[in-house]
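FYI, side chains are in, hydrogens and waters are out, and symmetry mates aren't considered; it's all heavy atoms of this structure.
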Amino acid sequence: NAGVTQTPKFRILKIGQSMTLQCAQDMNHNYMYWYRQDPGMGLKLIYYSVGAGITDKGEVPNGYNVSRSTTEDFPLRLELAAPSQTSVYFCASRPRQGKSNQPQHFGDGTRLSIL
Amino acid sequence: QQQVKQSPQSLIVQKGGISIINCAYENTAFDYFPWYQQFPGKGPALLIAIRPDVSEKKEGRFTISFNKSAKQFSLHIMDSQPGDSATYFCAASLDLETSGSRLTFGEGTQLTVNP
């Protein structure tokens, strides 16, 4: 059971380039999330999805896009990379089980530098 | 708008001591308050969580104290060990399917336990 898998682990981009951060989970979780983590700022929610075909913006969506064509995959796309997008990106998932709170399971992150 | 505020930003404790991290929240509709632990190079992982209908929850050396009237909650780590050295995040959420049970995180506390 791999859990939440993020690829790549590290990436350096030039300003203006585009790329897709991949996230896959094998736990059949309905909910998936993308966060960015900056030093001293905690984790900020970029986008989230409650199921295949359904996505919504979080706190800091500008400059990013997502899609959710399957339950397993939730890729995050940067169209025109900017230095402000240098960060560590985390993908997470959790099951939907009525009103019981379930923990979010996180991947190990993608460390992205924009130069 | 910062809805969950965490302090201190960093904390140094001697082995065997008590580590205390505090959080305050603004949204009185939050109904789930987890603490996540993050080691370097890894994603956050759920440590312990509480709902607002109880004032305290204990799991081993870790205790959450919750004060609903003050809109504050704290993590206490008893008999702190060097292996507890990590970054700790408090969070809060509404368990609503329409909002994806999104978590709002505090800024994080870097805990160092000296041997």
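- Atom CG of L103(B) sits about 4.5 Å away from atom OH of Y35(A), to the nearest 0.5 Å.
- No more than 12 heavy atoms of other residues, nucleotides or ligands lie within 6.0 Å of CD1 in I12(A), so this atom counts as exposed by the packing criterion.
- Hydrophobic clustering (ILVMFWY, side-chain heavy atoms < 4.5 Å, transitive): F106(A) and V88(A) are in one cluster.
- Separating the CD atom in E107(B) from the CG atom in D38(A) is a distance of 12.5 Å, to the nearest 0.5 Å.
- Both V4(B) and L94(B) are part of a single hydrophobic cluster, where members link through side-chain heavy atoms under 4.5 Å apart.
- Contact annotation for P34(B): neither backbone nor side-chain heavy atoms come within less than 4.5 Å of a heavy atom of chain A.
- One hydrophobic cluster holds both L13(A) and V66(A) under the rule that ILVMFWY side chains link at heavy-atom gaps under 4.5 Å.
- Residues P44(B) and L43(A) approach most closely at CG-CD2, 4.2 Å, considering heavy atoms.
- Contact count versus chain A (heavy atoms, under 4.5 Å) is highest, among G108(B), A91(B), A45(B), G41(B), for G41(B).
- When heavy atoms are compared at a cutoff of 4.5 Å, Q37(A) approaches chain B solely by way of its side chain, counted from C-beta outward.
- Following chains of ILVMFWY side-chain contacts shorter than 4.5 Å, one can reach F62(B) starting from L11(B), so the two form part of one hydrophobic cluster.
- Taking all atoms of both residues into account, the shortest heavy-atom contact from Q104(A) to Y36(B) is N-OH, 3.0 Å.
- Of the listed residues R102(B), Q9(B), Q110(B), the one with more heavy-atom pairs under 4.5 angstrom with chain A than any other is R102(B).
- If you measure heavy-atom distances from S93(B) to chain A, the contacts under 4.5 Å come from the side chain alone.
- By the criterion of side-chain heavy atoms lying less than 4.5 angstrom apart, applied directly or through intervening Ile, Leu, Val, Met, Phe, Trp or Tyr residues, F90(A) is not grouped with W34(A); the two fall into different hydrophobic clusters.
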